Amino acid sequence: MTVEFTQLPGVEDAVAGFSLPQDLAFGQVAAPVMFSAEYSDGQWHDAQLEPYGPISIIPTARSLQFAESVFEGMKAYRAPGMAPHLFRPEVNCRRFAGSAERLGMPPVPEDLFMTGLAAVTQACADFVPTSSGASLYLRPVLFSTEAGFTVANSKSFRFMITASPSSAYTSGPMKVLIERKDVRAARGGIGYAKAGANYAAAMRATTNAVARGFSVALWLDPINNRMIEELSGMNFFAVIDGALHTPPIGDSIIAGVTRDSIIRLAKDAGIEVQERAMPIDELTADLESGRCRELFATGTAAIVVPIHMLGDADGNKWTPPETTICQQLRSELLDIQERRAPDRFDWLKIL
Ligand SMILES: Cc1ncc(COP(=O)(O)O)c(C=O)c1O
């Protein structure tokens, strides 16, 4: 079912005046349109497609004071000569609703979510890049618009979708630094929600990792600082004795759509998959003994990327020797996402 929405004046001109940049990066260019809907008095209303641009928000809005804000990250793809399509959008919709529920916000109904995605993608159909690994990155966000100096649940919200024609998030292998000091998420906290606050909690570690020549931090569990959790924007995998190992989903980890897809593809290819608690000291021992041959990360933005160095705060470094399973699973996923292979799991939604 679709929801009725208004197309505001200026959308056609904004689209006509836009052209794809020569060199696509990730998330550097905003698409010319955005979708918006308001929530108040228990109802969603004023769904509209409008030209991309600044919005006005009251400075005391609770989203600004108390981080009442959740988001999603997903992609629209286009194979040459075909209509654009989405990848497992219903999973993002469910996760978005779960994130909203955790923060006491009203979930965006599936029909409104899908209508917004289709409206933005169809308006930008000519700007969905067709080269492999590139896409129209879509960023749904839900935030409180209610003014308030006191900590209380808001009653008014705005749902928006912006987009960016993008290449893949990172093109090369990553260097990952084990974070030994900060924690990203607490037990019983909001770590499993795609809440802006989780990303704010991760910023200092990212800054430190980059200052030390790494790309990103690897988070450990918040209780004992021992079990591997995930990266700041990606899930974590290791190939040990030929099997794929990844930490189990819990309340401090994002249940990645890519993670789930890679697990399904791996099982389908006859690769053993173990979702299990992974102590960091055990992993580094497996890297030293050669039992662990590969490390890689998964996420919508980055797709599937090899980790070619794992580093520790004390200066120790490990370099996994292979990328074979990572590359195999990356190709299989991209072949489905980019319609070179049959959609055998019914993952694509053609628009
Ligand atoms: C913290 C975190 N972990 C994992 C992921 C991977 O999730 P997905 O594969 O759904 O993009 C993301 C990205 O959304 C993330 O932000």
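This one's a predicted model, so the numbers in the text were calculated from it and none came from an experiment. Whatever order the structure lists ligands and atoms in, that order sets their numbers, starting from 1.
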Asks: Which of the atoms of ligand 1 are close to E230, meaning less than 4.0 Å from one of its heavy atoms?
Replies: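 Result: 1 (C), 2 (C), 3 (N), 4 (C).
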
Asks: Any atoms of ligand 1 less than 4.0 Å from a non-hydrogen atom of V257? List them with their elements.
Replies: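 Under 4.0 Å from V257, ligand 1 has these atoms: 8 (P), 9 (O), 10 (O).
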
Asks: Of the non-hydrogen atoms in L64 and I57, which two are nearest, and what is the gap between them?
Replies: CD1-CG2, 4.3 Å

Asks: Between S252 and R184, does a side-chain hydrogen bond (donor to acceptor under 3.5 Å, both in side chains) hold up when you go through it step by step?
Replies: CA-CA 8 Å; S252 52; R184 175 187 168 277; over 6 Å; no

Asks: Would you kindly say whether T145 and S156 are connected by a side-chain donor-acceptor distance under 3.5 Å?
Replies: yes

Asks: Do side-chain atoms of K155 reach the backbone of S40 as a donor and acceptor pair under 3.5 angstrom?
Replies: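 No; judged by distance alone, with no hydrogens or angles, the pair does not exist.
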
Asks: Check step by step if ring-ring contact (aromatic ring centres under 6.0 Å, His included) holds for Y39 and F159.
Replies: CA-CA 8 Å; Y39 180 91; F159 165 51; over 10 Å; no

Asks: Can you name the atoms of ligand 1, numbered from 1 with element, that are less than 4.0 Å from a heavy atom of T300?
Replies: 8 (P), 9 (O), 10 (O), 11 (O)

Asks: Tell me which one of K194, M74, K75 gets a heavy atom nearest to atom 13 (C) of ligand 1.
Replies: K194

Asks: Does ligand 1 come near enough to Y199 that some N or O of the ligand is less than 3.5 Å from an N or O of the residue?
Replies: yes

Asks: With a 4.0 Å cut-off on heavy atoms, is G233 in contact with ligand 1?
Replies: yes

Asks: Check the orientation of Y169 and F26. Use parallel for under 30°, tilted for 30 to 60°, and perpendicular for over 60°.
Replies: perpendicular

Asks: Judged by atom type as modelled, is there a donor-acceptor pair below 3.5 Å linking the side chain of E179 to the main-chain atoms of K181?
Replies: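 Looks like yes, one N/O pair under 3.5 Å.
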
Asks: Looking only at protein heavy atoms, identify the closest one to atom 7 (O) of ligand 1 and say how far it is in Å.
Replies: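 Among all protein heavy atoms, the one nearest atom 7 (O) of ligand 1 is G256 CA, 3.3 Å.
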
Asks: Report yes or no: do R62 and S69 form a side-chain donor-acceptor pair below 3.5 Å?
Replies: no

Asks: With rounding to the nearest 0.5 Å, note down the distance linking CD1 in I263 to CD1 in I271.
Replies: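 Result: 12.0 Å between the selected atoms.
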
Asks: Can you tell which part of R88 has a heavy atom less than 4.0 Å from ligand 1: side chain, backbone, both or neither?
Replies: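 Neither; nothing of R88 gets under 4.0 Å from ligand 1.
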
Asks: Tell me, please: is E72 in heavy-atom contact with ligand 1, that is, under 4.0 Å?
Replies: no

Asks: Distance under 4.0 Å to a non-hydrogen atom of L231: what atoms of ligand 1 satisfy this?
Replies: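 This gives 1 (C) as the contact atoms.
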
Asks: Quick check on contacts: which atoms of ligand 1 are under 4.0 angstrom from a heavy atom of G299?
Replies: 6 (C), 9 (O), 11 (O)

Asks: Are any of the N/O atoms on T258, whether in the backbone or the side chain, positioned under 3.5 angstrom from an N/O atom of ligand 1?
Replies: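 Indeed, backbone or side chain, T258 has an N or O that close.
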
Asks: For atom 1 (C) of ligand 1, what is the nearest protein heavy atom, given as residue, atom name and distance?
Replies: S232 O, 3.1 Å

